[in-house]
Amino acid sequence: MSNIYEKNTITEDGQLMLKKAEKDQIETVWDRYQAQLPQCGYCEMGLSCRVCNMGPCRVDPFGEGPQKGVCGADADIIVARNLGRMIAAGAAAHSDHGRDLVEVLENVAEGNAPGYAITDVEKLKQVALDYGINIDEKAPLRIAGELAHAMQGDYGTRKKELTLVKRAPKKRRELWRNAGIMPRGIDRETSEMMHRTHMGVDNGWQSLLLHALRNALSDGWGGSLIATEVSDILFGTPKPTPNTVNIGVLKEDEVNIVVHGHNPVVSEMILQACQEPDLLRMAKEKGAKGINLAGLCCTGSELLMRHGIPVAGNHLMTELVIATGAVEMMLVDYQCIMPSLGTVASCYHTRMISTSDKARFPGMEHREFHPDNSRELARELIREAIENYEQRGQVYIPVEPVQSVGGFSVEAIISALGGTPAPLLEAIKAGKIRGVAGVVGCNNPKIRHDHGHVTLTQRLIENDILVVDTGCAAIATAKAGLKMADAIRYAGPGLKEVCGALGIPPVLHMGSCVDNVRILILASALADALGCDISDLPVAGSAPEWYSEKAVSIGTYFVASGVYTVLGPMPPITGSMNVVKLLTEGLNDVVGAAFAVEPDPEKAALLIRRHIESKRRALGLDAESV
Ligand code: BF8
Ligand code: SF4
């Protein structure tokens with residue numbers, strides 16, 4: 001690595017844009033990370049507590065200073081409480097996103113959401129049946145209204161078990177009941193976590209962590225699953241679609257509009273407006289060849305999955321996309337939107353628009369989207385973006401985009417397999433595919449940008465492990481060319497043969513972060529077909545560059561669902577060896593899976609390969625040791 005740009009990111013567009021940002025005197029996330037070093041050691045270990053106003057407190061990890069907070073909480077309690085609150089925040093974020101979609105579904109049913117519609121009626125009916133709704137001779141809008149109402153019930157406290165846990169294998173559900181971690185209500189589990197972690201409530205580090213599993217399950221089998229299912233109902237269930245990725249998707253001669261955030265409720269309306277003939281005409285009158293919509297982060301993946309809309313980058317690229325000087329307007333909703341973006345945009349002509357009633361940002365204009373005004377507001381904003389094209393200064397778009405294929409919902413994968421998971425199972429049994437790994441999660445300036453995702457994924461596919469990915473990981477491997485039509489050349493011989501025959505890449509883009517539930521559903525389908533539990537399967541999960549609280553919730557519901565999960569960056573738990581041991585070993589006895597932490601993706605690949613081979617041996621499949 002010869003320079004700072006190469007040290008920060010493996011991507012060519014990232015390196016070139018970092019150089020440009022430096023020239024333009026733009027402060028980036030990497031600069032601010034450096035300015036924070038050294039970060040607080042107590043916080044890194046999870047040993048600081050500011051739950052109440054007798055504190056803040058900290059426990060000395062060397063045993064010399066205080067070993068207890070003012071209230072008497074020791075290291076185990078403080079670490080478990082902090083982790084529990086991270087999971088509660090992550091589960092809340094995903095689940096509140098799901099709730100917003102349910103509200104749109106309800107508004108569609110009531111005729112109050114012009115521009116939105118029921119796109120996948122089949123899925124609407126199938127999910128309604130899961131909820132026990134009688135669909136006979138009912139119009140889709142009526143079913144939608146009843147479904148929205150039933151889903152709202154899952155958020156509350158009326159139920160003993162969430163409805164959609166019925167999609168998990170029977171053995172898994174029994175395990176959750178016996179362990180006392182069956183999720184009951186989506187909001188209930190998060191609310192209970194906040195209660196338990198209040199000073200003077202749950203001071204058993206084990207019971208806190210058990211509830212943390214239940215809280216995370218209320219996300220994975222509740223809020224996130226509802227978000228994905230309702231998005232499919234409203235906007236369509238994804239099918240394999242070609243697309244392009246990296247900063248080169250921006251166009252020098254078109255009006256560039258970028259959507260960033262998570263909820264497709266806004267980005268889908270923006271997409272519709274970008275395609276309207278009168279607005280396209282207006283763009284041409286202003287001298288542009290067209291309107292180019294591109295995505296960032298998870299709302300980008302939502303549009304990519306369903307419509308093949310290009311994605312300009314993942315989390316650490318969001319500031320640099322603005323530094324191209326080519327973006328007329330960026331619209332954001334919520335989650336993972338750096339509060340620095342407004343400042344970056346003030347150096348260019350880019351107009352920054354915040355759209356959600358619950359998310360405001362400095363240096364952004366707030367224009368709130370609601371189901372009843374979305375269509376009109378989207379048109380108005382696109383008109384304003386076109387007007388802004390004339391203000392553009394010099395642009396710098398230094399790379400060509402990379403081709404990729406996305407859109408692998410579970411339905412699309414099963415359909416590529418000929419309508420049943422059997423061919424995938426046969427390939428796994430025959431050892432052509434050793435197993436399946438989910439590579440998910442964020443970027444984090446603590447890890448060289450995209451290095452963790454790309455290196456881990458390369459090592460896994462070389463060794464005949466099929467990779468399914470989501471979120472910023474999915475964008476990273478797409479940019480690296482691992483989802484091009486001919487990407488099977490990077491795969492081992494068995495995986496190459498199977499993917500070649502099916503006409504799919506060896507790395508399947510399964511969507512945004514809420515879409516991690518698609519991986520759970522795929523794992524459940526494989527477990528059901530084999531008559532085993534998820535924890536018996538040769539599958540694993542990984543979050544090589546995670547940063548967010550949502551990622552902690554995801555990792556935890558993967559493990560609680562029986563999936564061995566390897567984290568890149570260490571979570572703030574090393575202040576308690578009891579907590580570390582429970583999460584990395586003890587959970588095997590509770591849920592049949594545990595966490596590992598390994599920042600080096602080469603070593604993480606070995607851990608995953610060993611795990612997959614051991615599961616193959618336990619299942620009596622033809623095994624080969626690593
Ligand atoms: O939900 S992967 S950085 S953008 S948290 Fe955020 Fe992480 Fe990206 Fe999407 Ni997920
Ligand atoms: Fe300190 Fe206890 Fe209050 Fe935490 S809850 S800040 S450890 S007194």
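We count ligands from 1, going down the list as the structure has it; atoms in each ligand are counted the same way.
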Worksheet item: Any Lys/Arg nitrogen of Arg360 or Glu368 sitting under 4.0 Å from an Asp/Glu carboxylate oxygen of the other?
Response: yes
Worksheet, complete the sentence: Any heavy atom of Ser548 under 4.0 Å from ligand 1? The part involved is side chain
Worksheet item: Nearest to atom 1 (Fe) of ligand 2 by heavy atom, Gly55, Cys49, Cys57: which?
Response: Cys57
Worksheet entry | Interfacing atoms of ligand 2 (cut-off 4.0 Å, heavy-atom, Cys52) | 3 (Fe), 5 (S), 6 (S), 8 (S)
Worksheet, complete the sentence: ligand 1 to Tyr547, heavy atom cutoff 4.0 Å, flagged ligand atoms 3 (S)
Fill in: Flag for Glu545-His449: side-chain donor and acceptor within less than 3.5 Å
no
Worksheet entry | Pair Thr477-Thr457, side-chain donor/acceptor within less than 3.5 Å | no
Worksheet item: Against heavy atoms of Cys336, which atoms of ligand 1 measure under 4.0 Å?
Response: 3 (S), 4 (S), 5 (S), 6 (Fe)
Item to complete: Could you tell me whether the side chains of Lys479 and Thr11 share a donor-acceptor contact shorter than 3.5 Å?
Response: no
Item to complete: Tell me yes or no: between the side chains of Arg196 and Ser207, is some donor less than 3.5 Å from an acceptor?
Response: no
Fill in: atom 9 (Fe) of ligand 1: angle it makes with SG (Cys298) and NE2 (His262), nearest 10 degrees
100°
Practice prompt. Please confirm whether Trp546 comes under 4.0 Å of ligand 1, counting heavy atoms of the residue only.
Written response: no
Fill in: Thr197 and Arg85: side chain donor to acceptor below 3.5 Å
yes
Worksheet item: Is the His366-Phe361 ring centre distance short of 6.0 angstrom?
Response: no
Discussion item. Give me the residue, atom name and distance of the protein heavy atom closest to atom 5 (S) of ligand 2.
Written reply: Arg81 NH2, 3.4 Å
Fill in: Cation-aromatic face contact Arg58/Tyr42, 6.0 Å, 45 degrees
yes
Practice prompt. Measure the distance from atom 8 (Fe) of ligand 1 to every protein heavy atom, then report the residue, atom name and distance (to 0.1 Å) of the closest one.
Written response: Cys472 SG, 2.3 Å
Worksheet item: Ion pair present between Glu411 and Lys123, side-chain N to carboxylate O less than 4.0 angstrom?
Response: yes
Response to the item:
For Cys71, the atoms of ligand 2 under 4.0 Å from one of its heavy atoms are 2 (Fe), 5 (S), 7 (S), 8 (S)
Item to complete: Considering only non-hydrogen protein atoms, determine which one is nearest to atom 7 (Fe) of ligand 1 and report residue, atom name and distance to 0.1 Å.
Response: Cys442 SG, 2.4 Å
Worksheet item: With atoms numbered from 1 as shown, which atoms in ligand 1 lie under 4.0 angstrom from a non-hydrogen atom of Gly441?
Response: 2 (S)
Worksheet item: Short check: any N/O/S atom of Cys297 below 2.8 Å from atom 9 (Fe) of ligand 1?
Response: no
Worksheet item: Between Thr190 and Asp187, do the side chains contain an N or O donor and an N or O acceptor separated by less than 3.5 Å?
Response: no
Item to complete: Using a strict 4.0 Å cut-off to heavy atoms of His315, name the atoms of ligand 1 that fall inside it.
Response: 3 (S)
Fill in: Any Ala551 heavy atom less than 4.0 Å from ligand 1
no
Fill in: Shortest protein contact, atom 10 (Ni) of ligand 1 (heavy atom only)
Cys513 SG, 2.2 Å
Worksheet item: Under a 4.0 Å heavy-atom limit, does Arg58 contact ligand 2 with its side chain, its backbone, both, or neither?
Response: neither
Discussion item. Please verify the inter-ring angle class for Tyr334 with His97; under 30° counts as parallel, over 60° as perpendicular, anything in between as tilted.
Written reply: tilted
Worksheet item: Are any of the N or O atoms of Lys550 closer than 3.5 Å to those of ligand 1?
Response: yes
